[in-house]
Student: 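Please see the structure below; I have some questions.
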Amino acid sequence: MSNEEFPLLSDLKKGPWPSFVTEIEKTAEKKPEMRDLLKQLERSYEDKITYWKHGGIVSVKGYGGGVIGRYSFLAKECPGVAEFHTMRVNQPAGWFYTTEALRTICDIWEKYGSGLTNMHGSTGDIILLGTTTPNLQPCFNELAKNGWDLGGSGSALRTPSACAGPARCEFACIDTLDICYELTITYQDELHRPMWPYKFKFKIAGCPNDCVASKARSDFAIVGTWKDEIKINQEEVKKYAEAGVDIKGQVVDNCPTKCIEYDEEKKEIKIDNSNCVRCMHCINVLPKALKPGDERGATILMGGKAPILEGPVMSWVIVPFMKMEPPYEELKELSEAVWDFWDENGKFRERLAELIERVGMMAFLEAIGVEPDPRQIKEPRANPFYFWREEDLKPRTDPWEIWRKAEKEM
Amino acid sequence: MSNEEFPLLSDLKKGPWPSFVTEIEKTAEKKPEMRDLLKQLERSYEDKITYWKHGGIVSVKGYGGGVIGRYSFLAKECPGVAEFHTMRVNQPAGWFYTTEALRTICDIWEKYGSGLTNMHGSTGDIILLGTTTPNLQPCFNELAKNGWDLGGSGSALRTPSACAGPARCEFACIDTLDICYELTITYQDELHRPMWPYKFKFKIAGCPNDCVASKARSDFAIVGTWKDEIKINQEEVKKYAEAGVDIKGQVVDNCPTKCIEYDEEKKEIKIDNSNCVRCMHCINVLPKALKPGDERGATILMGGKAPILEGPVMSWVIVPFMKMEPPYEELKELSEAVWDFWDENGKFRERLAELIERVGMMAFLEAIGVEPDPRQIKEPRANPFYFWREEDLKPRTDPWEIWRKAEKEM
Amino acid sequence: MASEPFEEEYISDIGPPHYEKMLPPVIKKNYGKWAYHEVVKPGVLVHVAESGDKLYTVRVGSPRLLSIYTIRELCDIADKYCDGYLRFTSRNNVEFLLTDESKIDALIEEVEKIGFPVGGTWDATKAKYGLSNIVHTQGWIHCHTPAIDASGPVKALMDALFDHFKNMDLPGLCRISLACCLNMCGAVHASDISLVGIHRTPPSVDDDVVRRTCELPSTVASCPTGALRPDMKNKTIKVDESKCMYCGNCYTMCPGMPLFDPENGGVAILAGGKLSDARSPARLSKVVVPYLPNNPPRWPEVVDTIKAILETWAAEAKPHERIGEWIDRIGWEKFFEKTGIEFRVQLIDDFRQPRHTFRATTQFRW
Amino acid sequence: MASEPFEEEYISDIGPPHYEKMLPPVIKKNYGKWAYHEVVKPGVLVHVAESGDKLYTVRVGSPRLLSIYTIRELCDIADKYCDGYLRFTSRNNVEFLLTDESKIDALIEEVEKIGFPVGGTWDATKAKYGLSNIVHTQGWIHCHTPAIDASGPVKALMDALFDHFKNMDLPGLCRISLACCLNMCGAVHASDISLVGIHRTPPSVDDDVVRRTCELPSTVASCPTGALRPDMKNKTIKVDESKCMYCGNCYTMCPGMPLFDPENGGVAILAGGKLSDARSPARLSKVVVPYLPNNPPRWPEVVDTIKAILETWAAEAKPHERIGEWIDRIGWEKFFEKTGIEFRVQLIDDFRQPRHTFRATTQFRW
Ligand code: SRM
Ligand code: SRM
Ligand code: SRM
Ligand code: SRM
Ligand code: SF4
Ligand code: SF4
Ligand code: SF4
Ligand code: SF4
Ligand code: SF4
Ligand code: SF4
Ligand code: SF4
Ligand code: SF4
């Protein structure tokens with residue numbers, strides 16, 4: 001493209017960071033209709049407004065989601081993007097790929113789509129960015145034939161995603177990839193056929209470092225952790241110390257509960273595990289020397305979401321600890337119990353957090369069969385405004401009877 | 001009284017702590033009608049219910065408050081307390097008394113009332129506990145003749161109260177007694193004639209130790225503080241150290257911002273005042289050595305209240321620092337601005353905190369003429385859901401015009 | 001701003017006596033010029049002025065409910081030892097103010113003889129804290145809304161905790177408060193430990209009384225959870241019992257709907273609040289026991305629970321560390337474990353937007 | 001739970017390929033048995049298995065929006081150096097996975113030659129942190145609700161902050177995110193620094209479009225502040241502009257009421273969020289700048305503000321201390337003072353029950 005034609009966008013080809021403009025341009029060389037994307041985009045840059053129309057329902061046979069319909073206000077001026085739908089392709093857990101797999105996707109998308117992608121969307125999908133309505137079904141068919149399926153959209157389960165976990169991380173306390181795959185496969189129907197009050201997201205992180213942003217970005221976050229003692233290799237502690245790591249300053253002083261003691265002479269670490277909150281910091285800094293314990297499982301947190309409607313939510317601890325072993329029956333039962341409750345009680349476009357807040361944590365925990373635990377709360381309530389159920393109470397007495405009797409006396 | 005007659009209450013005469021039952025009994029010896037109070041109370045102890053009726057409006061001429069009307073359900077059985085109204089007498093600031101003053105009150109209350117008191121009520125008043133309707137006016141008249149007046153009740157200003165402050169405390173940064181007196185005298189009308197949506201309380205504490213619970217118990221809390229540097233007397237630091245005070249453990253380690261350094265050798269303290277949050281702890285522990293700075297004034301916090309309706313509130317910083325010099329014009333202007341706003345916007349039985357929350361802090365600050373300051377907040381909002389006023393904006397443009405123009409092009 | 005008096009001679013709106021009239025000479029002289037204080041012994045403070053003058057204070061526990069006959073006795077003592085000056089504290093203790101150190105012991109002897117114990121002080125320099133008086137309310141002695149008595153539980157508790165009042169043997173300040181209903185006349189919502197009378201059943205509506213004494217719209221509007229509906233036909237009010245959390249606000253508005261239920265009302269225990277900004281910021285108390293039975297005359301379940309909290313904390317806290325600060329350090333899960341208090345579902349907030357009380361981190365202890 | 005396929009041969013509901021098919025042999029062999037990792041140099045990690053096997057990772061920055069032609073080039077490189085294995089990260093970087101250490105430098109050279117920079121790693125052991133990629137959304141490239149573009153501001157920012165991507169020269173982890181509207185498709189609400197497109201004027205209702213395309217009751221109900229009223233007569237919707245805080249939720253429900261206003265829309269900056277529970281608990285980001293203008297192509301006001309935050313923090317933070325943790329230590333008042341950001345009244349929460357964001361203590365700094 002000439003800089004004169006798209007001066008604003010051209011400016012964004014400069015500089016050291018790889019440029020999305022260059023990517024579009026590169027595509028336009030092979031697929032000239034993508035010049036219309038540049039054209040529309042330049043116009044947006046000039047006018048500071050989107051030129052995409054609101055929504056548009058398109059899909060493939062049998063599915064209620066997986067495609068985001070998109071039409072342009074500039075259809076006349078930019079016919080190449082008059083229709084520009086996105087397909088969400090369900091990524092392999094952990095975003096590991098063979099080049100063969102990637103090339104297959106590229107080939108299909110060269111044939112049926114714009115040739116532009118997002119690797120990846122915020123939820124985790126492979127985003128195939130821009131195609132026309134007629135191309136949707138053949139594209140899907142060919143993806144499916146090659147072993148790929150669509151991810152979620154709409155009021156459905158959304159594509160679960162997971163951190164690298166045991167595939168490439170020494171900190172993983174649970175098998176994030178396997179859990180991710182298992183949930184995705186088990187709940188294909190929930191993923192493809194929107195039948196709920198609103199969207200629902202799973203994310204799986206192998207440890208509290210949360211490399212997949214599960215706590216903020218999923219209604220149901222599965223975060224690896226452990227219950228027993230941190231494993232210490234004192235030899236390696238010594239080596240770190242000798243290599244110049246300031247164990248007192250970097251580790252001990254940063255422990256949130258100050259439960260680590262360091263013997264400067266012996267170069268040994270002692271941890272009071274009853275006060276450890278499993279924050280990972282010491283393990284992060286000294287990965288050779290410290291490891292999560294052996295009694296591993298996950299904390300289940302629920303309700304994470306963006307601000308619309310009731311403000312942003314970091315997900316809340318619901319099950320402090322759950323063992324995570326295939327086929328993850330307990331996990332599945334729990335999610336199904338949550339969906340049952342949500343189905344029955346959720347309002348249209350009400351996320352799980354909002355539902356829990358509306359009906360109260362007591363009703364929610366009871367419905368999903370989880371016991372109350374102080375680990376679910378940051379602090380107990382400051383208002384003594386709570387409910388009792390008939391079974392908590394003795395038979396009722398009426399104050400009027402007592403008073404009237406008293407008034408009549410003598 | 002015989003233990004057989006009031007066995008439950010009699011049990012409460014035992015034990016080392018002075019007994020309220022003994023106090024009532026002692027009164028009943030001189031004023032036999034107070035046996036009826038014991039009788040009714042024993043009955044409450046048996047039946048676990050109050051025998052006082054709901055409310056009852058009684059007052060003295062010209063006043064809308066200061067008396068809490070009270071009638072018994074056991075009027076027949078306990079005629080001595082059939083009517084049992086309370087008079088709230090405005091205490092002298094700081095609860096200092098001459099015996100002469102106290103004796104005057106006792107004499108008047110012996111004549112017109114039950115002889116029972118609370119020294120003092122939670123708001124701060126002298127509570128004269130229990131008299132009849134006919135006695136109210138003469139009792140008030142005699143109190144007034146002797147220089148006493150009633151305190152507040154109902155939807156009015158409530159009796160302000162103050163800690164001992166400069167009268168007996170080295171920590172006082174403001175003249176709590178004088179401010180208390182000045183506000184009380186200036187706002188006699190507001191105190192005696194309920195004209196507001198609900199009650200309004202002032203409390204004045206000389207320093208952040210808050211010995212008068214102002215932050216929790218008043219809509220408008222005035223808390224002494226300082227802006228400049230803590231004054232250090234290193235000689236006295238040394239003496240404390242030599243006397244065995246563990247300055248590192250007790251003081252340095254407890255400083256919330258860790259802004260104190262202690263030189264163990266020189267036995268000297270250094271404070272990074274730019275990080276001091278004026279919590280008082282170091283000064284509390286080393287009162288001879290450390291003192292609040294010289295630039296003194298008050299933090300004004302608003303909204304403190306008990307849980308009904310919207311949950312309990314610890315009052316919120318509104319003015320981080322205000323000079324406090326007689327005649328406290330700025331302070332009075334601020335309270336009057338608050339009342340004006342409350343008067344205009346408050347709903348029936350809506351406390352200040354609830355009003356602020358309902359209309360928003362932005363509207364409130366603007367109405368009372370206080371600038372926004374990060375010291376007013378614990379943290380900024382997490383939701384980007386805020387308002388703009390016409391004057392913040394440029395002339396508006398309409399997206400439809402832009403799009404329609406674009407759609408028609410070519 | 002004082003308004004016109006009603007008639008020529010009617011004295012009103014004079015306000016309280018000026019505080020200066022009540023101050024002993026040593027205070028007037030050294031007003032605002034105190035240099036420091038020390039705790040001479042439990043119950044006895046000395047404030048030293050820049051001038052070198054000394055003011056001694058002897059603090060005396062009081063049941064707050066005082067007969068005028070007792071007040072006169074206290075005045076006699078103040079006349080004898082204190083030139084007629086004394087004060088009360090914000091926690092309802094009595095303070096004798098004197099300048100002659102040699103009179104202290106005799107004063108103490110005399111005041112304890114009439115049954116008033118000396119104590120309730122604390123010494124921050126030495127990190128020795130005495131337990132002070134319990135701030136409380138009216139209860140069955142005067143109020144129409146109490147779920148429990150006030151003076152009775154306070155007496156039972158202070159008897160049980162008496163040694164701490166006398167001995168300055170606690171690691172940090174501990175403030176106990178009581179309120180007899182959720183109106184919380186006091187600082188129950190911001191005390192280290194507090195107890196509050198609670199109802200557990202919805203209002204018992206007497207249609208007749210409602211018709212006679214209540215304003216329907218404002219009563220209906222008074223319910224924070226929207227549990228009330230006007231029954232226009234019968235000119236009364238209907239309660240949706242499933243929405244009522246027994247706050248009693250409707251009863252405050254309308255005498256026709258009391259919540260009393262002797263067998264179901266009782267006590268909630270709160271903990272961890274503080275008012276001072278010393279070290280950590282002031283904070284609200286949190287409900288730790290949603291219900292204990294209302295058991296006069298000595299409320300043993302309440303006394304035992306509070307003792308358990310207080311003694312566990314006292315044994316574990318670091319110097320100066322208050323209950324809330326101790327919990328900050330050990331975590332709520334350990335608070336429940338160590339005190340043996342059962343964590344019940346009612347402790348989880350479900351009022352308004354409770355989200356900031358939920359735990360949004362995997363950080364916790366086992 | 002998969003449902004019946006539509007027709008005999010229609011393939012659906014097969015889910016994604018099994019992850020095992022995508023893993024290089026060294027991972028399959030050492031799956032779950034990694035012993036530790038080290039940062040070889042910026043952009044290069046080594047994971048060492050209990051077996052002693054080593055896996056090298058070369059991390060490469062990506063604009064996320066990739067053409068299939070670029071993906072093929074990346075595949076070519078992976079074929080050449082990595083036996084055909086690569087992955088993407090949760091922040092949209094590309095990671096080349098290889099076992100032969102000697103190939104690393106050539107790989108880096110080749111990938112940088114096609115314009116993809118190596119970096120974005122961090123080394124907790126050494127407390128040297130690189131800045132990683134900015135998680136972002138669609139913007140004007142694909143979405144119908146953006147108040148700003150997404151890829152453009154990200155490009156401008158990454159150019160400005162490029163050295164931090166390359167150099168691991170920050171004291172702690174710093175995650176930047178962008179969302180083009182308040183729907184916040186991403187973790188803007190929990191990032192160290194984030195920018196979000198905001199509207200500042202109420203919806204422009206086109207009655208005609210509303211009539212044609214919108215369901216009135218659900219649109220009216222969608223407004224969190226109750227600013228909408230159905231106009232039954234005209235079958236459209238009225239906006240009470242004084243109640244609208246421009247969230248855009250109504251537009252999501254109803255195409256007839258866009259909020260776009262090119263001169264008034266813009267960017268809000270948030271700061272202090274984090275996702276990991278390392279050291280301090282995860283927490284939400286807080287709005288620190290309520291509005292900056294929408295200024296393509298390089299959003300200089302946004303870039304400058306973010307640089308000011310980032311560089312001030314980088315200069316002042318202790319090792320490992322993230323922006324939110326730094327603010328915990330210095331206080332919000334100092335954050336505004338040090339960064340030079342003006343504290344504006346919009347930053348004070350007034351949504352729902354904002355009380356827990358108000359300061360209820362006299363503790364603050366001057
Ligand atoms: C494509 C993607 C952004 C991206 O560029 O990566 C995206 C794009 C849209 N999101 Fe999103 N969201 C995407 C991840 C998210 C995330 C992040 C996540 O899932 O981890 C969030 C925040 C977490 C959460 O769910 O709260 C998110 C919160 C929203 C919301 C917020 C409302 C809510 O509380 O759910 C909406 C509004 C809605 O649902 O109506 C929304 C709506 C939308 C829509 C469908 C627009 C709309 O109003 O209907 C966007 C379509 C854009 C387009 O034309 O392509 N999107 N959206 C992400 C999905 C890609 C993928 O499948 O991998
Ligand atoms: C006497 C006293 C308790 C005591 O034993 O000390 C008291 C007694 C009553 N209070 Fe109180 N309040 C008393 C201090 C307080 C305080 C503490 C304070 O002022 O420092 C509070 C908590 C702080 C606050 O204001 O939030 C307090 C919060 C309430 C409430 C709570 C509702 C609210 O948010 O205001 C009510 C309910 C009401 O106003 O309808 C209430 C109502 C009442 C009523 C009038 C009962 C009623 O529902 O109408 C009580 C009359 C009892 C009686 O028959 O004697 N009282 N009340 C205190 C006043 C004595 C004095 O003047 O010195
Ligand atoms: C007399 C009294 C003020 C009054 O006007 O009546 C008072 C007097 C003193 N307070 Fe207080 N405080 C008094 C109620 C309070 C209250 C209010 C309350 O309890 O409801 C508080 C807030 C309690 C809370 O935070 O929940 C209070 C929190 C403090 C603190 C902060 C302690 C802390 O670690 O949090 C100090 C500092 C200290 O310990 O030296 C303090 C310090 C003091 C000093 C040392 C100030 C001085 O130099 O004179 C006084 C002697 C205390 C002692 O016994 O050693 N005073 N003090 C009150 C006595 C009440 C009583 O009878 O026990
Ligand atoms: C590759 C990736 C996981 C994935 O499945 O894709 C990953 C990989 C690692 N993370 Fe992460 N994290 C990844 C996203 C995240 C995220 C999510 C995000 O940024 O949205 C977080 C949470 C961010 C937050 O808290 O806001 C994250 C917070 C951490 C932390 C906690 C750091 C802290 O101080 O808070 C560690 C611990 C550490 O620093 O060693 C960590 C540690 C690690 C380790 C050291 C784990 C390991 O031993 O393999 C990995 C190497 C990091 C490096 O560059 O040195 N990872 N890490 C992600 C790389 C993203 C990128 O391209 O930059
Ligand atoms: S979340 Fe934990 S297990 Fe997963 S990649 Fe990050 S550090 Fe490793
Ligand atoms: S994991 Fe965190 S809390 Fe536990 S010992 Fe390590 S640093 Fe401390
Ligand atoms: S609040 Fe401060 S000034 Fe007032 S008595 Fe307490 S310590 Fe002294
Ligand atoms: S007043 Fe508090 S914050 Fe300031 S130096 Fe002393 S202990 Fe530290
Ligand atoms: S707390 Fe309740 S019952 Fe007790 S005095 Fe106050 S209003 Fe009455
Ligand atoms: S007690 Fe409270 S919640 Fe129950 S009906 Fe009355 S006002 Fe409503
Ligand atoms: S953040 Fe908003 S504008 Fe951006 S992609 Fe998501 S929904 Fe669209
Ligand atoms: S933009 Fe949000 S606040 Fe404004 S009218 Fe629409 S839904 Fe309501």
Side-chain angles (χ1 to χ4, degrees), chain B residues 8 11-12 15-18 20 23 26-27 44-45 48-50 52 54 61-62 90 92-93 95-99 102 106 109-110 115 117-119 122 144 147 149 166-168 170 177 184-185 188-189 208-210 212-213 215-217 254 256 279-281 284-285 287-288 306 308-309 312, chain C residues 1-3 6 11-17 19 22-23 27 31-32 34 36 47 63-69 71-72 75 78-79 84 87-88 90 115-116 124-125 140 144 146 151 155 158-159 162 184-187 189-190 224 249 255 260 262 275-279 282 284 294 296-297 320:
Chain B
L8 295 172
D11 190 68
L12 286 173
W17 189 252
F20 68 102
E23 291 297 312
K26 201 160 159 182
T27 312
S44 281
Y45 268 62
K48 303 199 275 189
I49 195 164
T50 187
W52 298 112
H54 193 291
K61 205 164 49 172
N90 196 337
W95 302 290
F96 286 88
Y97 291 93
T98 60
T99 49
L102 278 179
C106 290
W109 194 235
E110 186 162 37
T117 75
N118 288 150
M119 298 298 279
S122 290
D149 200 346
R168 209 217 26 208
E170 69 271 29
L177 304 195
T184 311
I185 286 295
Q188 282 292 301
D189 202 32
N209 283 331
D210 200 1
V212 68
K215 280 179 283 212
R217 282 158 64 166
N254 275 311
C279 83
M280 290 296 297
H281 178 76
N284 290 340
V285 175
K288 282 189 204 174
I308 307 271
L309 289 171
Chain C
M1 293 232 159
S3 69
F6 252 60
I11 307 173
S12 77
D13 296 289
I14 57 171
Y19 57 92
M22 305 291 166
L23 302 177
I27 289 189
Y31 193 87
W34 299 103
Y36 65 91
H47 284 79
R64 188 179 85 134
L65 192 155
L66 291 177
S67 118
I68 54 171
Y69 308 103
I71 297 177
R72 285 177 184 150
C75 285
D79 284 339
R87 77 180 286 269
F88 294 80
S90 61
F116 284 75
T125 307
W140 293 330
H144 65 285
S151 303
K155 164 75 174 140
M158 285 309 287
D159 281 345
F162 190 69
M184 286 198 187
C185 302
H189 58 301
N249 200 46
F260 305 102
L275 293 157
S276 83
D277 279 325
R279 299 170 307 283
L284 297 171
N294 187 13
H320 306 293

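In the text below, chain A, chain B and the rest are named by the order of the sequence lines, each starting its count at 1. Below, all heavy atoms of this structure are taken into account, side chains as well, without hydrogens, waters or symmetry copies.
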Student: Out of Cys106(B), Ala144(B), Ala216(B), Ala213(B), which one racks up the most heavy-atom pairs below 4.5 Å with chain C?
Tutor: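 Sorted descending by pairs with chain C, the first entry is Cys106(B).
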
Student: Using 0.5 Å steps for rounding, measure from the NZ atom of Lys288(B) to the OG1 atom of Thr125(C).
Tutor: 8.5 Å

Student: Of all heavy-atom pairs between Leu284(C) and Pro312(B), which one has the smallest distance, and what is that distance?
Tutor: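 Reported closest heavy-atom pair: CD1-O, 3.6 Å.
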
Student: Ser67(C) side chain to Thr27(B) main-chain N or O, any donor-acceptor pair under 3.5 Å?
Tutor: no

Student: For Asp159(C), give me all partners under side chain to side chain contact (heavy atoms under 4.5 Å, CB included), at least two apart in sequence or on another chain.
Tutor: Pro16(B), Trp17(B), Lys155(C), Arg298(C)

Student: Side chains of Ser276(C) and Met280(B): closer than 4.5 Å at any heavy-atom pair?
Tutor: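 Side chain of Ser276(C) against side chain of Met280(B), heavy atoms only: no contact under 4.5 Å found.
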
Student: Would you say Thr50(B)'s side chain and Trp140(C)'s backbone share a donor-acceptor pair under 3.5 angstrom?
Tutor: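 Absent.
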
Student: Which of the residues Ile14(C), Asn294(C), Ile27(C) is involved in the greatest number of heavy-atom pairs with chain B at under 4.5 angstrom?
Tutor: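 Highest number of pairs under 4.5 Å: Ile14(C).
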
Student: Who are the salt bridge (charged side-chain N to carboxylate O under 4.0 Å, His left out) partners of Arg64(C), not counting sequence neighbours?
Tutor: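 Arg64(C) satisfies salt bridge (charged side-chain N to carboxylate O under 4.0 Å, His left out) with no other residue.
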
Student: If you tally heavy-atom pairs under 4.5 Å against chain B, which of Gly84(C), Ala78(C), Ala282(C) wins?
Tutor: Gly84(C)

Student: Return the CG to OG distance between Asn118(B) and Ser151(C), rounded to the nearest 0.5 Å.
Tutor: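 Here the rounded value is 7.5 Å.
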
Student: Met119(B) versus chain C, heavy atoms under 4.5 Å apart: side chain, backbone, both or neither?
Tutor: both

Student: Specify which of Pro63(C), Gly32(C), Cys185(C) makes the most heavy-atom pairs with chain B at under 4.5 Å.
Tutor: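 Counting heavy-atom pairs under 4.5 Å, the top option is Pro63(C).
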
Student: I need the Met22(C) CE to Thr99(B) OG1 distance, nearest 0.5 Å.
Tutor: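 OG1 of Thr99(B) is found 10.5 Å from CE of Met22(C).
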
Student: Among Pro146(C), Pro255(C), Ala278(C), Ala190(C), which residue forms the greatest number of heavy-atom pairs with chain B at distances under 4.5 Å?
Tutor: Pro255(C)

Student: Between atom CG of Asn249(C) and atom CD1 of Ile308(B), what is the distance when rounded to the nearest 0.5 Å?
Tutor: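 Interatomic distance, Asn249(C) CG to Ile308(B) CD1, rounded to 0.5 Å: 5.0 Å.
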
Student: Do Asn284(B) and His320(C) have side-chain heavy atoms sitting under 4.5 Å apart?
Tutor: no

Student: Of the listed residues (Arg168(B), Glu110(B), Lys26(B)), which shares the most heavy-atom pairs with chain C below a 4.5 Å separation?
Tutor: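 Of the candidates given, the most pairs with chain C belong to Arg168(B).
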
Student: How far does OH of Tyr97(B) sit from CD1 of Ile71(C), to the nearest 0.5 angstrom?
Tutor: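 One finds 9.0 Å between OH of Tyr97(B) and CD1 of Ile71(C).
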
Student: Highest number of heavy-atom pairs under 4.5 Å with chain C: which of Ala306(B), Cys279(B), Ser122(B)?
Tutor: Cys279(B)

Student: Under 4.5 Å heavy-atom distance to chain B, tell me which part of Phe162(C) shows up: side chain, backbone, both or neither.
Tutor: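 Side chain only.
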
Student: In Å and rounded to the nearest 0.5 Å, what is the OG1 to CD1 distance from Thr117(B) to Ile68(C)?
Tutor: 8.5 Å

Student: Looking at Pro18(B) and Gly115(C), what are the two nearest heavy atoms and their distance?
Tutor: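 Reported closest heavy-atom pair: CB-O, 3.6 Å.
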
Student: Which one wins on heavy-atom pair count under 4.5 Å against chain C: Leu309(B), Thr184(B), Asn209(B)?
Tutor: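 Heavy-atom pairs under 4.5 Å are most numerous for Leu309(B).
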
Student: For chain B, which of Tyr69(C), Phe260(C), Phe116(C) has the most heavy-atom pairs under 4.5 Å?
Tutor: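 The candidate making the most pairs under 4.5 Å is Tyr69(C).
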
Student: So does Asp13(C) get a backbone contact from the side chain of Asp149(B), meaning a donor-acceptor N/O pair under 3.5 Å?
Tutor: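 Checking the backbone N and O of Asp13(C) against the side chain of Asp149(B), a donor-acceptor pair under 3.5 Å is found.
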
